> 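Please see the structure below; I have some questions.
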Amino acid sequence: MRLLGYIFSQTFRSIWRNKLSSFLSSLTTGFALFLLGISFLVSINLGFMYEMAETQMEIQAYMDKEATQTQLASAVSQIREIPGVAEVKFVSKEDALEELKEMFKDKASVLDSLEEDNPLPPSVRIKTAGAEHIPAVVEALQAFDIVDDVMYQEEVSRRLVQIGKAVQYLSLGGMLVVGLVSVMVIANSIRLTIDARRQEIGIMKLVGATDGFVMTPFLFEGVLLGFLGSAIGTGFAVWVYNWVAMKIAEFIPFMPIVGLDPDALWQMFGIMALTGVMVGLAGSAFSVRRHLRV
Amino acid sequence: MISFRNVSKVYNGNVKALDRVSLQIDKGEFVFIVGASGAGKSTLIKMMYREETPSSGQVFVLGKDLAKMRKREVPYLRRRIGVVFQDFKLLKDKNAWENVAFALEVTGTPRREVNRRVTQVLNMVGLLDRRNAFPNELSGGEQQRIAIARALVRNPDILLADEPSGNLDPETAMEIFAILERVNLYGTTVVVATHAHDIVDNLRKRVVELRDGAIVRDERRGAYHY
Ligand SMILES: Nc1ncnc2c1ncn2[C@@H]1O[C@H](COP(=O)(O)OP(=O)(O)O)[C@@H](O)[C@H]1O
Ligand SMILES: [Mg+2]
């Protein structure tokens, strides 16, 4: 118990004494962990997108804008007959505009001008009995003269997943580089502490303190700096994520973004804190080995 | 208690600090190590608490072969040996009491025990009433007495002193040696490297003289010079 008190008081004293260096260490670690956090958040979203792609495999067939009601009606009944089709829903030009207005809600007035000359095409939304039917159904749809364009969720999802993966790799790569830098910055901060307490360390060894006892406050200091970094990194990552999610919701309303519930936040903070602590431990262990000669 | 067998120490491959030293110090002895500057006195003392290891030969202290001792055993050896230096080595930001208590705290001694031992040992060096003073508020002699208190607080089997009066005037030096003699009376083995010839001549203890790293004299009740 007294040992714990000793370690804590030593650590806070030296963090305070080397304020600037401690702050820089935590900040650098925070930045590395921010990148890790972004990668984590992207991976949550990727998982969500895969799930979406699995459950909502909806095909959208955009119809010729000039098509008449009868042509459309006959096309819809023909589509129902395609093998593997489970559900068919017709969306008229007017329905499409309504949906768009619904998405933009309060900003709907900007869409008023579309009222007179609605540019949206009528479409048909098709659900298949299973993912395996999609390619055949898409091919059958493309054979219709009246069908202008066929889009299906899988395609969209795949693109998003590709972008997401790229972001994830980039941030993980950045995280590795910045992580190494943090290890070195923390090591330097610990070296300052060791230098400031060199005489004290010498006396501790002289009077028979064990190497473990001499080392522990320094290792703890590194761990604490790493942990502080993880708090900074998590905070920053969540802030940036929410900001980006808000912007995306504003401009690409149909893009699925996972909201952060407390569980996900804690899970993320857990991963970040563990990484931060390990980065801190690595940095201080490096410095202790190098400068304490224990 | 302390036994050197044919010990040599070579620094950096060419400086020969100790040259085939054989020496036996028994429990309860008081031994002066004398010799000119650079004769190897400090090196000899450092080997006794395993600050240095021999280049060849064997050093036994408290029944342990120090050359073979593993690094993690060293702290436990040092808990049984007190060491005092010319420059006191007190921590400036701790007061007298805290400097002494520090030696017990860093080995996890319970607070009650710390209080008891520190009181006792400060009383013994006559500085209990100065316990709240910081090193810069103490005279050189007082600082050395605090350093001695720190070395003794664990009740060591051996007390080593490397020129303990090197920074002190003769009168203060006398006080310091009086304390060392008293410590020895209580049964602690005391080894002192010193230049203070008046005191060596007066106390008539065992004298070991080094010259260029070799023992040239070892007298039961010796003086500083022949
Ligand atoms: N760490 C060291 N590295 C190199 N040479 C040293 C070292 N310590 C002592 N010496 C040399 O060893 C010799 C003995 O030194 P020392 O034991 O300090 O003598 P004394 O204490 O009698 O003055 C001297 O020549 C000194 O220069
Ligand atoms: Mg010397």
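In what follows, every chain begins at residue 1, and chains take the letters A, B, ... in the order their sequences are listed. The shown structure was predicted, so the numbers you read here are calculated from the model rather than taken from an experiment.
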> For residues A:Leu206 and B:Tyr49, report the shortest heavy-atom separation together with the two atoms involved.
CD1-CE1, 3.6 Å

> To the nearest 0.5 Å, how far apart are CG in A:Asp211 and CZ in B:Arg72?
11.0 Å

> Is it true that, when you exclude A:Arg290 itself, more than 12 heavy atoms of the residues, nucleotides or ligands shown sit nearer than 6.0 Å to its CZ?
no

> Is it true that atom CZ of A:Phe23 has more than 12 heavy atoms of other residues, nucleotides or ligands lying nearer than 6.0 Å?
no

> Which residues in residues 75-104 of chain B have any heavy atom lying under 4.5 Å from a heavy atom of chain A?
B:Pro75, B:Tyr76, B:Arg78, B:Arg79, B:Val83, B:Phe85, B:Lys89, B:Leu90, B:Leu91, B:Lys92, B:Phe102, B:Ala103

> Tell me if the NZ atom of B:Lys64 is crowded by more than 12 foreign heavy atoms within 6.0 Å.
no

> Can you tell me if B:Tyr11 has over 12 outside heavy atoms packed within less than 6.0 Å of its OH?
yes

